[in-house]
Amino acid sequence: MRWSKAFIPTLKEDPSEAEMVSHKLMLRSGMVRQLTAGVYEYLPLGWKVLLKVTAIVREEMDRAGAQELYLPALCPAEIWQETGRWTDFGDEMFRLKDRKQRDYALCPTHEEVITDLARAQKLSYRDLPQNWYQIQVKFRDEPRPRSGVLRVRHFIMKDAYSMDRDQAGLDASYLAMKEAYVRIFTRCGLKFFIVGASSGLMGGSGSQEFMVASPSGEDSCAVCQACGYAANSEVACSKPAAPVYQDGPLEEVSTPEKRTVEEVAAFLKVPRSQLMKSLLYMADGQPVFVLIRGDDELNESKLQTALGTAAFRPATPEEVQKATGASVGFISPVRISGVRIIADRLLQNAAGLVSGANKDQHHLRNIFVGRDLKVDCFFDLRSVKNGEPCPTCGQPLALTQAIELGHIFKLGTKYSQSLNATFTDEDGIEKPLIMGSYGIGIERIAACVIEQSHDKDGIVWPLALAPYQVVVSALNVNNPEIMKAAEGLYAELAGARIDVLLDDRDQRPGFKFKDADLIGIPLRVTVGEKGLAEGVVEIKRRGGETVKLPPAQAKQKVQELLSVELFPGK
RNA sequence: CGGGGCGUGGCGCAGUUGGUAGCGCGCUUGCUUUGGGAGCAAGAAGCCCCCAGUUCGAGUCUGGGCGCCCCGACCA
């Protein structure tokens with residue numbers, strides 16, 4: 001490609017809407033432009049990078065035995081209604097009607113479609129296992145798109161779905177995908193880690209996420225350096241020290257206008273850990289008390305698992321009044337009957353607690369959980385805090401912000417059962433397919449690589465993802481000698497099937513260097529008057545050292561540098 | 001959905017007590033220049049987010065919308 005003909009609209013200044021480095025650099029390097037909130041256009045340079053990413057993904061998925069197919073993004077409501085997710089997805093699903101007023105969705109994910117495909121095939125155990133994948137656009141009406149290409153409403157995903165006859169088969173399929181993911185992210189040059197994760201709306205028995213540490217990440221992960229325990233905070237647990245409780249007679253105390261944990265603890269001169277937060281939630285339309293220690297934070301992901309439903313929310317002040325007779329801040333399950341009570345495990349056998357008296361401006365002291373209220377069930381409901389002991393080895397856990405790049409799920413039979421997707425086993429009996437699902441955010445890979453690999457001048461692409469591997473900079477297009485040498489090299493490199501860009505723009509050298517650095521091309525071959533006077537061209541690694549050598553040897557040297565970088569360690 | 005910020009040439013921004021819009025970058029043309037985002041000269045390019053008001057007169061004041069960004073909530 002000749003730069004003079006290429007559409008690479010670079011920007012000298014940072015666009016004001018961008019906050020993250022990757023966002024700024026993607027805009028400045030002319031990779032992407034925003035069309036509207038959470039919707040991006042990929043310009044030629046950005047698209048080339050995505051093509052490099054998807055090529056790696058395809059190679060590794062194929063190597064792992066998966067087969068590529070292509071499913072529609074437009075999908076009728078019926079199959080979503082069959083699994084219940086027409087409702088579960090709520091506002092996050094883009095919905096539309098056709099001319100006959102039939103409901104459709106723009107698919108946010110494809111379990112329903114793939115399962116529908118599988119059930120129509122009347123599979124035999126002989127056909128199994130199967131693993132089908134696609135690289136395709138997904139639509140999600142995010143409440144708040146942000147961070148450039150990281151959280152968007154329209155994005156490309158590689159999604160794969162495995163079908164097995166039994167759990168052992170699923171385990172093998174899952175492991176194969178996990179290994180493929182490790183290879184994919186490694187080849188993309190990413191530093192990543194794997195955490196145990198919540199299955200959320202997807203359902204199923206277990207899942208893991210592939211994470212890249214980043215202060216801008218939206219997920220928090222608890223990681224143990226000592227034993228390797230790593231989990232998303234949605235599911236992470238810890239072994240906090242067992243508190244010592246002092247028992248005493250239940251008593252009511254006046255606490256005028258003291259509503260929050262801080263206010264009450266300060267007023268009564270007790271540590272926050274001695275308070276019991278009594279939260280009233282509405283779950284599937286029924287009130288439920290959720291109890292947690294005063295110094296802990298309720299983890300809503302864990303609460304969802306405990307409640308077994310996603311349809312829950314904090315009760316309104318009116319609902320609180322109706323259930324307890326008091327206002328928010330002065331309630332507890334003590335002396336309340338007919339309301340389900342769930343509590344964090346740390347409150348098991350807890351005594352001497354302070355919580356609301358169900359009477360405005362009053363609290364209770366010395367609440368003894370075993371005596372004064374009856375908890376229906378204890379769960380782990382609290383969020384892990386930085387530095388708490390690891391649940392497996394006891395060493396301190398570190399909380400790290402991270403970006404989710406991929407997520408793999410053991411779905412089991414959630415979709416095959418609700419959609420009746422079965423196979424016929426050896427014994428002639430139809431059984432539900434045991435399924436797994438595996439996703440990778442394609443754009444996120446590109447953004448995370450930029451986050452991890454850039455300097456003050458711009459992107460530093462690893463060779464595997466670079467839109468061009470080499471740029472030949474002809475420093476003065478009005479000098480025939482330079483142009484002859486540059487054109488010659490360009491033709492030679494292109495002929496060797498190297499992705500090469502010829503900077504033949506009528507610009508000053510500094511301008512060209514800045515641009516080349518900005519878009520992050522790994523190797524730059526500089527053809528200028530200075531060099532030619534000595535009979536050499538210069539080959540410079542992005543952000544690295546320069547070698548000078550005669551033009552005739554340049555191609556070989558470039559190939560050498562490229563092959564070293566493409567197969568690191570070999 | 002709560003809180004905050006911002007909408008003015010393609011991009012980054014300025015615009016005073018209300019008086020008919022400007023700077024830098026980019027773009028076009030010419031000349032000079034050519035090793036880290038050149039200089040000079042001449043140009044083109046603006047429904048000042050939209051709609052209503054107030055006013056002789058609104059980018060500026062008032063009201064109502066819409067859009068975008070950030071924080072939180074939410075979220076494979």
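Every chain is numbered from 1 and lettered A, B, ... according to where its sequence line falls, protein lines coming before strand lines.
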**Q** Using the C1' atom as the reference point in each nucleotide, state the distance between B/G4 and B/A44 in Å, no decimals.
**A**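 Straight-line distance between the two C1' atoms is 39 Å.
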**Q** Write down the distance separating the C1' atoms in B/G46 and B/C27, rounded off to the nearest Å.
**A**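 Between the two C1' atoms, the distance is 15 Å.
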**Q** Go along nucleotides 29-34 of chain B 5' to 3' and tag each nucleotide: B for a protein heavy atom under 4.0 Å from its base, S when only backbone or sugar atoms are that close, - otherwise.
**A** ----BB
**Q** Separation of A/Leu532 atom CG from B/G35 atom P, in whole Å?
**A**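 Whole-Å distance recorded here is 13 Å.
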**Q** Where do A/Asp515 and A/Arg505 land on the salt bridge (charged side-chain N to carboxylate O under 4.0 Å, His left out) test, with the steps shown first?
**A** CA-CA 11 Å; A/Asp515 246 6; A/Arg505 295 173 298 174; 2.9 Å; yes
**Q** Can you tell me how far C1' in B/C49 sits from the matching atom in B/G67, rounded to whole Å?
**A**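 Between the two C1' atoms, the distance is 7 Å.
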**Q** Take A/Lys530 and A/Glu538, measure what salt bridge (charged side-chain N to carboxylate O under 4.0 Å, His left out) needs, and give me the verdict at the end.
**A** CA-CA 10 Å; A/Lys530 274 191 193 170; A/Glu538 294 142 58; over 6 Å; no
**Q** Say you pick atom C1' in B/G59 and the same atom in B/U20; how far apart are they, in whole Å?
**A**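 To the nearest whole Å, 11 Å.
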**Q** Which part of the nucleic acid does A/Thr36 contact within heavy-atom distance under 4.0 Å: base, sugar-phosphate only, or nothing?
**A**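 Sugar-phosphate contact only - A/Thr36 comes under 4.0 Å of backbone atoms but never of a base.
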**Q** Assess whether salt bridge (charged side-chain N to carboxylate O under 4.0 Å, His left out) is satisfied between A/Glu262 and A/Arg272, documenting all intermediate values.
**A** CA-CA 7 Å; A/Glu262 288 73 21; A/Arg272 289 175 52 180; 3.6 Å; yes
**Q** Mark yes or no: A/Arg95 above the aromatic ring of A/Trp80, with NZ or CZ under 6.0 Å from the six-membered ring centre and no more than 45 degrees from the axis.
**A**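 Geometry flag: not set, cation outside 6.0 Å or 45°.
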**Q** Starting at CD of A/Glu297 and ending at P of B/C74, how long is that distance when rounded to a whole Å?
**A**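 It is 11 Å, rounded to the nearest whole Å.
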**Q** Give the B/S/- string for nucleotides 1-15 of chain B, one per nucleotide from 5' to 3', where a protein heavy atom under 4.0 Å of the base yields B, of only the sugar-phosphate yields S, and otherwise -.
**A** ----------BSS--
**Q** Whole angstroms only, please: what is the CZ-C1' distance between A/Arg33 and B/C68?
**A**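 Whole-Å distance recorded here is 16 Å.
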**Q** Would you check, one step at a time, whether the test salt bridge (charged side-chain N to carboxylate O under 4.0 Å, His left out) holds for A/Arg2 with A/Glu487?
**A** CA-CA 10 Å; A/Arg2 285 161 191 279; A/Glu487 291 275 6; 2.8 Å; yes
**Q** Between A/Lys302 and A/Glu234 (salt bridge meaning N to carboxylate O under 4.0 Å), is one present in this structure?
**A**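 A/Glu234 and A/Lys302: not salt-bridged.
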**Q** Return the nearest nucleotide to the side chain of A/Glu19; candidates are B/C75, B/G36, B/C70.
**A**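 Nearest to the side chain of A/Glu19 among the choices is B/C70.
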**Q** Looking at A/Asp296 and A/Lys385, does any basic side-chain N land under 4.0 Å from a carboxylate oxygen?
**A**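 The answer is yes: the pair qualifies as a salt bridge.
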**Q** Can you check whether any acceptor in the base of B/G26 is under 3.5 Å from a donor in the side chain of A/Arg28, or vice versa?
**A**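 Looking at the base of B/G26, it does not pair with any donor or acceptor on the side chain of A/Arg28 (distance under 3.5 Å).
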**Q** Of the listed nucleotides (B/G37, B/C75, B/G35), which one gets closest to any side-chain atom of A/Glu92?
**A**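 Selected nucleotide: B/C75.
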**Q** Atom CZ of A/Arg505 and atom P of B/C27: how far apart are they, to the nearest Å?
**A**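 So the two atoms are 10 Å apart, to the nearest Å.
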**Q** Rounded to the nearest angstrom, tell me the gap between atom CG in A/Leu27 and atom P in B/C68.
**A**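 Those two atoms, CG and P, are 15 Å apart.
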**Q** Less than 3.5 Å between a donor and an acceptor, one on the side chain of A/Arg151 and one on the base of B/C75, is that the case here?
**A**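 Under the 3.5 Å cut-off, the side chain and the base do form a donor-acceptor pair.
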**Q** Charged N to carboxylate O below 4.0 Å: is that the case for A/Arg151 and A/Glu404?
**A**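 Salt bridge flag = no for A/Glu404 with A/Arg151.
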**Q** Within this structure, what is the NZ-to-P distance between A/Lys512 and B/G37, rounded to whole angstrom?
**A**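 Distance check: A/Lys512 NZ to B/G37 P gives 15 Å.
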**Q** What's the CE-P distance between A/Met93 and B/C75, to the nearest Å?
**A**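 After rounding, the gap between these two atoms is 16 Å.
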**Q** Check every strand shown and say whether A/Ser147 touches a base, only sugar-phosphate, or nothing at a heavy-atom separation below 4.0 Å.
**A**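 Answer is sugar-phosphate: A/Ser147 comes under 4.0 Å of backbone atoms only.
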**Q** So what does A/Glu538 touch, heavy atoms closer than 4.0 Å: a base, only the sugar-phosphate, or nothing?
**A**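 Base, at least one base heavy atom under 4.0 Å.
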**Q** Any base atoms under 4.0 Å from A/Gly531, or only sugar-phosphate, or nothing? Heavy atoms, all strands.
**A**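 Answer is base: heavy atoms of A/Gly531 come under 4.0 Å of a base.
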**Q** Measure the distance from CG on A/Asp457 to C1' on B/G37 and round it to the nearest whole Å.
**A**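 So the two atoms are 11 Å apart, to the nearest Å.
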**Q** Given a 3.5 Å cut-off on both pairing distances, which stems involving RNA chain B, each at least three consecutive Watson-Crick or G-U pairs, are present, if any?
**A**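 RNA chain B forms these stems: B:1-7 with B:66-72, B:10-13 with B:22-25, B:27-32 with B:38-43, B:49-53 with B:61-65.
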**Q** Between B/G63 and B/U54, how far apart are the two C1' atoms, rounded to whole Å?
**A**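 One C1' to the other, the span is 11 Å.
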**Q** Taking B/U8 as the reference, what is the distance to B/C68 when you measure between their C1' atoms (whole Å, please)?
**A**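 Going atom to atom, C1' in each nucleotide, I get 15 Å.
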**Q** Charged N to carboxylate O under 4.0 angstrom, A/Arg146 versus A/Glu218?
**A**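 Yes, charged N to carboxylate O under 4.0 Å.
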